[in-house]
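Atoms considered below: every heavy atom in the structure, side chains included; atoms not considered: hydrogens, waters and symmetry mates. Letters A, B, ... are given to chains in the order of the sequence lines, protein chains preceding strands, and every chain is numbered from 1.
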There are 2 protein chains.
Amino acid sequence: MQTDTKTALLDSAEAAVRARGFDGFSYADLSADVGIRKASIHHHFPTKAALAHALMMRYCEVLAEACTDINAAHATGGARLSAIIALYREASASGQQLCLCLSFATSPDRLPDGVKTLIVGFRQSVLDWLGSVFALGRSDGSIIGVIDDQAEAAAAMAVLEGAQLACRVEEDITRFDIAIRQLSARARPAQG
Amino acid sequence: MQTDTKTALLDSAEAAVRARGFDGFSYADLSADVGIRKASIHHHFPTKAALAHALMMRYCEVLAEACTDINAAHATGGARLSAIIALYREASASGQQLCLCLSFATSPDRLPDGVKTLIVGFRQSVLDWLGSVFALGRSDGSIIGVIDDQAEAAAAMAVLEGAQLACRVEEDITRFDIAIRQLSARARPAQG
DNA sequence: CAGCGCCTACCTACCAATAGGTCTACGTTA
DNA sequence: TAACGTAGACCTATTGGTAGGTAGGCGCTG
């Protein structure tokens, strides 16, 4: 039973973008990785733009699901914050790659038209969700010192992405941990 | 009096990398921008790798100078922190570009050999300098709530880079301001 | 100070490799 | 038998880079 080819292509492309950027891989690379001829890729994704779009669409869905899962699994704001930190930490793959959105966001001018809109939407989703997490953490006391939910959310997202960058060059996950330490510390451990 | 060609090439290349990434520009682009034939660029920079290297070298020098200048102009940790925030804010050019180091750091695998080392060095310089700023801010009371200088430095750098990313896609500098708000607020205004 | 050699800065004209993409054809399978 | 997934052969534009040459300036020497 082989994996669905379309999914395999998306997986390979996503890994490539997250490791080397949108301009850092080609259909030839994809072809070699997935084991399908270059021309055949065009059957699934007519253009590289279409591929990027599909990539981002899928990423948006995965994010939405992840947030829902975290909400279901954790009741307090602090626990949810810890969970999203763990997610970003895992997503960095020990500093070998970045969040897809981050990778795309660095050079929006090079991106196909529709993708930019998706990125904006993605970022706003993360921001909104983080805002709700801080609001909850403020009201249930599980995150220390919250005043402005929106500013907290924006700062948290910046730190999460910045921490991924910090560990990228040296492929050293401890760089992530140090950068995120202060944010982590503000999430109270298990509900007292 | 025309600008030195070599400098003009470096300027153009730096802007290109910061706006579109290392894979996002070509010698042809450079040629059109500077007004010199493509082949002539090779006279100044034999390979694209050499260009990247020169770019990063210059950036390291500029950073060192900037830190020295800030130290000279501002006596307190809080004032120095505010100054570096302003520097990163300005460097984003209202969300049209990123810090060169950030742009390079996103896809280290695509970079020529020596450059990676320079980036690591650059980042460590920023980290060290920020560490000294927080240490000063802690001892002179000009930055609120500092405990761990190193963690503060790592977090601050992450936020600074993350804030640049935040405003990049929408080219909206207010995204930077919101993300950085909390860090800014910790730097006490003029010495009381 | 004329002439020589050399260097810098630039040029035109190429190159092989790779980029993303097209067209047509062939075997499977529903 | 029609649609799907794949492949071969090919295309055009662009990539970073090279070969070879030219014009002008500088310093040395006879």
Just the rounded figure in Å: distance from [atom2] of [N] to [atom1] of [X].
X: A:Leu30; N: D:dT6; atom1: CG; atom2: C1'; value: 15 Å
X: B:Tyr27; N: C:dC11; atom1: OH; atom2: C1'; value: 17 Å
X: B:Lys6; N: C:dA9; atom1: NZ; atom2: P; value: 8 Å
X: A:Lys38; N: D:dT12; atom1: NZ; atom2: P; value: 14 Å
X: B:His43; N: D:dG20; atom1: NE2; atom2: P; value: 18 Å
X: A:Phe22; N: C:dG20; atom1: CZ; atom2: C1'; value: 10 Å
X: A:His42; N: C:dG20; atom1: NE2; atom2: C1'; value: 6 Å
X: B:Lys48; N: D:dG17; atom1: NZ; atom2: C1'; value: 12 Å

Walk me through it: do B:Ser12 and B:Asp33 pass the test side chain to side chain donor-acceptor pair (under 3.5 Å)? CA-CA 7 Å; B:Ser12 176; B:Asp33 192 35; 2.5 Å; yes
Of the candidate nucleotides D:dA7, D:dG5, D:dA19, which contains the atom at the shortest distance from the side chain of A:Ser40? D:dA7
Among C:dG21, C:dC10, C:dA19, find the nucleotide with the atom closest to the side chain of A:Thr47.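 Ranking C:dG21, C:dC10, C:dA19 by closest atom to the A:Thr47 side chain puts C:dG21 first.
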For A:Gln164 and A:Gly95, indicate whether the former's side chain and the latter's backbone hold a donor-acceptor pair under 3.5 Å. no
Is B:Glu14 salt-bridged to B:Arg58, cutoff N-O under 4.0 Å?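 Yes.
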Salt bridge or not between A:Asp177 and A:Arg89? Use side-chain N to carboxylate O under 4.0 Å. yes
On the nucleotide C:dA9, are OP1 or OP2 found under 4.0 Å from the side-chain N or O atoms that B:Thr5 carries? no
Reckon A:Phe45 touches a base, only the sugar-phosphate, or nothing at all at heavy-atom distances under 4.0 Å? nothing
Sugar-phosphate, base or nothing in reach of A:Ser26, heavy atoms under 4.0 Å: sugar-phosphate
